[in-house]
Peer 1: 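My questions will all concern the structure given below.
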Amino acid sequence: FGNKDNSLIITIDNTASAASTVTIKAGEKQNAILGDCTLALKTGINSIALNRDMARFENKDGSVYLDFATGFTGNIWASAEKAGLGS
């Protein structure tokens with residue numbers, strides 16, 4: 001979450017032949033009380049923006065835990081604008 005203006009985008013490429021799910025686990029910050037969030041993944045590219053309520057999912061070390069459904073196959077990557085001077 002060390003990114004500019006909450007610009008974090010998680011991209012998931014579901015290479016399986018069927019839809020799947022991902023659960024974004026509740027973190028350790030103030031809004032974690034809202035709990036986990038499970039999202040449907042269509043086959044192909046899925047983009048998830050975590051800029052609405054980052055304090056719900058962020059852990060103290062700045063990480064985010066994602067839990068994929070059993071049988072999920074694919075690739076995942078994150079992108080964002082760099083935070084701080086010189087970005």
Peer 1: Can you tell me how far the CD1 atom of I10 sits from the OG atom of S79, to the nearest 0.5 Å?
Peer 2: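 Atom-to-atom, I10:CD1 and S79:OG are 9.5 Å apart.
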Peer 1: Minimum heavy-atom separation for E28 to K60, with atom names?
Peer 2: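 That would be OE1-N, 2.8 Å.
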Peer 1: Below 4.0 angstrom, N of the basic side chain to O of the carboxylate: do K29 and E58 qualify?
Peer 2: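 Salt bridge present between K29 and E58.
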Peer 1: What distance do N14 atom CG and F72 atom CZ have between them, rounded to the nearest 0.5 Å?
Peer 2: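 The CZ atom of F72 is 5.0 Å from CG of N14, to the nearest 0.5 Å.
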Peer 1: How close do L8 and A78 get, heavy atom to heavy atom, and via which atoms?
Peer 2: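 For L8 versus A78, the nearest heavy atoms are CD1-CB, 4.0 Å.
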Peer 1: Once side-chain contact (heavy atoms from CB on, under 4.5 Å) is applied, do any residues pair with A69, and if so which ones, sequence neighbours excluded?
Peer 2: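 In terms of side-chain contact (heavy atoms from CB on, under 4.5 Å), with neighbours along the sequence ignored, A69 is linked to S20, T21.
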Peer 1: Taking W77 as the fixed residue, which of I12, T11, I9 is the one that meets the side-chain contact (heavy atoms from CB on, under 4.5 Å) rule?
Peer 2: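 Looking at I12, T11, I9, the match for W77 under the side-chain contact (heavy atoms from CB on, under 4.5 Å) is T11.
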Peer 1: Tell me every residue that passes salt bridge (Lys or Arg N to Asp or Glu O under 4.0 Å) with K25, counting only those two or more places apart in sequence or in another chain.
Peer 2: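 For K25, the residues satisfying salt bridge (Lys or Arg N to Asp or Glu O under 4.0 Å) (neighbours in sequence not counted) are D36.
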Peer 1: Closest heavy-atom contact between N46 and G44?
Peer 2: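 Between these two residues, the closest heavy atoms are ND2-O, 3.0 Å.
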Peer 1: Roughly how far, to the nearest 0.5 Å, is the OG1 atom of T23 from the CZ atom of F57?
Peer 2: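 One gets 10.0 Å once the value is rounded to the nearest 0.5 Å.
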Peer 1: Do I48 and Y65 sit in the same hydrophobic cluster, where Ile, Leu, Val, Met, Phe, Trp and Tyr count as joined when their side-chain heavy atoms come under 4.5 Å apart?
Peer 2: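 No, it is not one cluster - the side chains of I48 and Y65 are not joined through contacts under 4.5 Å.
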Peer 1: Drop me the distance from I24's CD1 to R56's CZ, to the nearest 0.5 angstrom.
Peer 2: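 One finds 8.0 Å between CD1 of I24 and CZ of R56.
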Peer 1: Give, for atom CG of L41 and atom CG of L39, the distance between the pair rounded to the nearest 0.5 Å.
Peer 2: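 It comes to 7.0 Å.
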Peer 1: For T15 and D13, does a side-chain donor sit closer than 3.5 Å to a side-chain acceptor?
Peer 2: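 No, no side-chain donor-acceptor contact under 3.5 Å.
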Peer 1: Of all heavy-atom pairs between A26 and A32, which one has the smallest distance, and what is that distance?
Peer 2: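 Scanning both residues completely, I find the closest heavy atoms to be CB-O, 3.6 Å.
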